[in-house]
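Data first, discussion second: the structure below is written as structure tokens.
In this text the structure is predicted, and so the values were computed from the model without any measurement. First the proteins, then the strands, lettered A, B, ... as listed; each starts at 1.
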Amino acid sequence: MITIALPKGALLKDTIELFSNLGLDFSAFLDKSNRQLQISDPTNTARALLVRAQDVPVYVEYGQAQLGVVGYDVLREKKPDVANLVDLKFGYCRLSVAVPKSSPYKRSVELPPHGRVASKFVNCAKDHFDSIDLPVEIVPLSGSVELGPITGMSEAIVDLVSTGKTLKENGLIETDILYESSARLIAHPLSYRLNRDNINELVAKLKSINY
Amino acid sequence: MIYQTPAGARDLLPLEVEQKRWINDCLQHIFQKFGYQRIVTSTLEWLDTLTAGGAIQPSKVIQLRNNGESSLGLRPELTASIARAAVTRMAGNTYPQRLCYRANVFRNPSGGHHGRQLEFYQAGVELLFAGGVLADAEIILLLSDCLRGLGISDWSILIGEAGLTRSLLSAFPESIRTEVRNCIANLDRIALESLELNAELKTSALMLFDLRGKPEDVLHRISALNLDDDARVTVNNLKSLIKLLNSSAAKPLPLTLDLSLLQTFDYYTGIVFKAVSFQDSQSYILAEGGRYDQLLGLYDPQGKSSPGIGFSMSIEDLHSCLLSTTKLPQQAPKSDCLVIPTTTEVEAIALRVARQLRSEDDSARIEIDLGERSEAAIKQYANTCRIKQLVWIEADGSSRIENLE
């Protein structure tokens, strides 16, 4: 049976809706009282794993799930060895650099060398500052990154922005967009190449829904 | 830290050694039946030798400090070493050369992986100074005989054609060709779709991305393309190969033709292949190989290039695949007989008896009891070690045989 890794959090609802279009009902995961992390759809054609978004590519790379849905941001940050098949066109957001409204710096190139930048996306942040040849100290955080500049720990942050509301309420402004992100369908490379459990048919159907 | 191996390295204990020996003996036996001779090359090579083919990045090699002028590395694979040995040390020998090996290789784990394995065991073959469809067929059939001989279930072989893919890629402008190639090699369809290509090139890029499936179907689709003469020859060779394999294999081979099967950097020029198996939702790459018709030239003092093809099998993955079956030896080798001198005076007699027993049966394992324990302790030990027979050497020099249940 084919196994699909689904991301907890912001993408879950749209992901479950996507698969319901194919007749695969994983809506049990949306039930607040559900504690199960692995379920089969009622027709018993596919199994779904509920994992943290960052862990979706891990399950797919190691082949425990043949397919997965995950944001492009996670793929950029982790660079997993998976097949990137379909842009699912939901879960839009962007990875941006932001600074306090009062900051004298209006673009990331203006930031002082060896300044501090707080981020959950350590690799993406490093790649960005490497690309503009600016040496900075990246401070890894795992949430509430906006507090970095507010408390004075860092000059700037690199974080996901969807509406910009959180930034605004914390007195930060966006200076640079590093890239835009949306949900992606990924597959275990060998399973995809060998069309295990008829993955290709499922992928083709998902693709046709998306265009 | 002196009590541990470095992260990524490990010790193999007797049972695992016995199981892997069984796998390797089985493979070497099949290699021999195809006329392959074993070669042993150096574990250490110049870094330049290991990386000359372009497929191995220096960062992948575990490098060693020495006082000499040039860097040394632990071999990450055998093909470079065998190619070097064959063209320099075996020049003038009769051709073709069929060589096989069983060896350990070392790879520097890439950053971000904690404690990932760095020492691996491989068995493999290289068929040197021979090109052509028949040589390709021999190698694929040898590989499938190995997989069948070991009793692996649910395996298939993915076959690509590096030369053909390269020639299909040559339709793309040089400025963007590497990107197209990387997208296809890394199975990144989304990046491929977003490349700046005109409609016609985009269609052919996506078509190339999807060129995989049953060999006959894929070949049919390729034949319909607008190919240059070289590519046409390659496609015909590929057709002959598939036909040859289908008509000569004992059972139909589970083959998938996949033209996106390439590494971002490699030295392959013709067919490339991987043998894959799935066990309990875990995938294993059991073997990898391909044809390299330019590699030998890099090591030839005159730069004369010669064809070659080969594959390496991963002993670890074969072992994991077979672990859940009963094919592997389930126990470390046990002794058949324990010879026990009951007093110090008869120790010499015990040693003589043991020697006699060993010479009577070449395969028998005969142990000597080293003394200083009671009869009960000896029996307990024999029981634990599953020793079936005890030979007690009594004080008067006579021996008493006791068979245990």
Side-chain angles (χ1 to χ4, degrees), chain A residues 1-5 38 47 49 57-67 69-72 75-89 122-123 126 179-201 203-204 206-207 210-211, chain B residues 109-114 116 154-160 182-195 206 209-215 217-218 253-264 272-288 317 320-321:
Chain A
M1 198 190 329
I2 191 167
T3 304
I4 306 164
Q38 176 178 304
R47 190 175 22 233
L49 309 177
V58 179
Y59 284 89
V60 176
E61 184 173 4
Y62 284 87
Q64 267 59 45
Q66 286 82 50
L67 290 177
V69 172
V70 67
Y72 176 65
L75 297 175
R76 272 286 283 255
E77 177 68 15
K78 301 238 171 185
K79 300 194 173 69
D81 183 11
V82 294
N84 297 323
L85 298 178
V86 186
D87 182 350
L88 298 170
K89 301 186 176 154
V122 178
N123 296 326
K126 185 177 175 299
Y179 58 78
E180 292 183 332
S181 171
S182 57
R184 303 291 162 92
L185 180 75
I186 58 173
H188 177 234
L190 283 176
S191 300
Y192 178 67
R193 287 183 190 279
L194 289 163
N195 193 19
R196 298 283 297 183
D197 303 308
N198 220 349
I199 290 187
N200 291 1
E201 197 187 310
V203 173
L206 284 169
K207 216 176 278 177
N210 256 269
Y211 287 102
Chain B
S110 46
H113 289 290
H114 309 291
R116 190 169 263 202
D154 197 4
W155 56 271
S156 34
I157 299 179
L158 272 166
I159 299 188
N182 289 348
C183 287
I184 290 174
N186 300 328
L187 289 179
D188 193 343
R189 202 172 205 280
I190 302 168
L192 193 62
E193 279 168 350
S194 62
L195 285 182
L206 293 175
F209 186 95
D210 291 331
L211 268 179
R212 78 175 66 76
K214 269 189 27 207
D217 299 349
V218 176
L253 295 177
L255 299 178
T256 296
L257 192 56
D258 182 354
L259 285 193
S260 66
L261 188 69
L262 22 102
Q263 258 90 57
T264 358
V272 289
F273 51 90
K274 276 181 203 232
V276 183
S277 178
F278 290 82
Q279 313 281 334
D280 309 325
S281 78
Q282 181 74 45
S283 63
Y284 298 97
I285 298 181
L286 303 179
E288 288 183 277
D317 283 291
S320 313
C321 249

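Screening B:Ile157, B:Val218, B:Leu158, B:Val276 for a side-chain contact (heavy atoms from CB on, under 4.5 Å) with B:Thr256, the sole residue that qualifies is B:Leu158. With B:Ser283 as the partner, the side-chain contact (heavy atoms from CB on, under 4.5 Å) test is satisfied by one option alone out of A:Gln66, A:Gln64, A:His188, A:Arg196: A:His188.
B:Ser156 contributes no side-chain N or O that, together with a main-chain N or O of B:Pro254, makes up a donor-acceptor pair within less than 3.5 Å.
If you measure heavy-atom distances from B:Ile190 to chain A, the contacts under 4.5 Å come from both the backbone and the side chain. For B:Leu261, the parts lying near chain A are the backbone and the side chain together; criterion is any non-hydrogen pair under 4.5 Å. Heavy atoms closer than 4.5 Å to chain A are found in the side chain of B:Asp258, but not in its backbone. For B:Ser260, the parts lying near chain A are the backbone and the side chain together; criterion is any non-hydrogen pair under 4.5 Å.
Ranked by non-hydrogen atom pairs under 4.5 Å with chain B, the options A:Leu190, A:Val82, A:Asn84, A:Thr3 are led by A:Asn84.
Ion pairing between a basic and an acidic side chain is recognised when a charged N comes within 4.0 Å of a carboxylate O; B:Asp188 and A:Arg184 show no such pairing.
Taking the six-membered ring for Trp and thresholds of 30 and 60 degrees, B:Phe209 and A:Tyr192 have ring planes inclined between 30 and 60 degrees apart.
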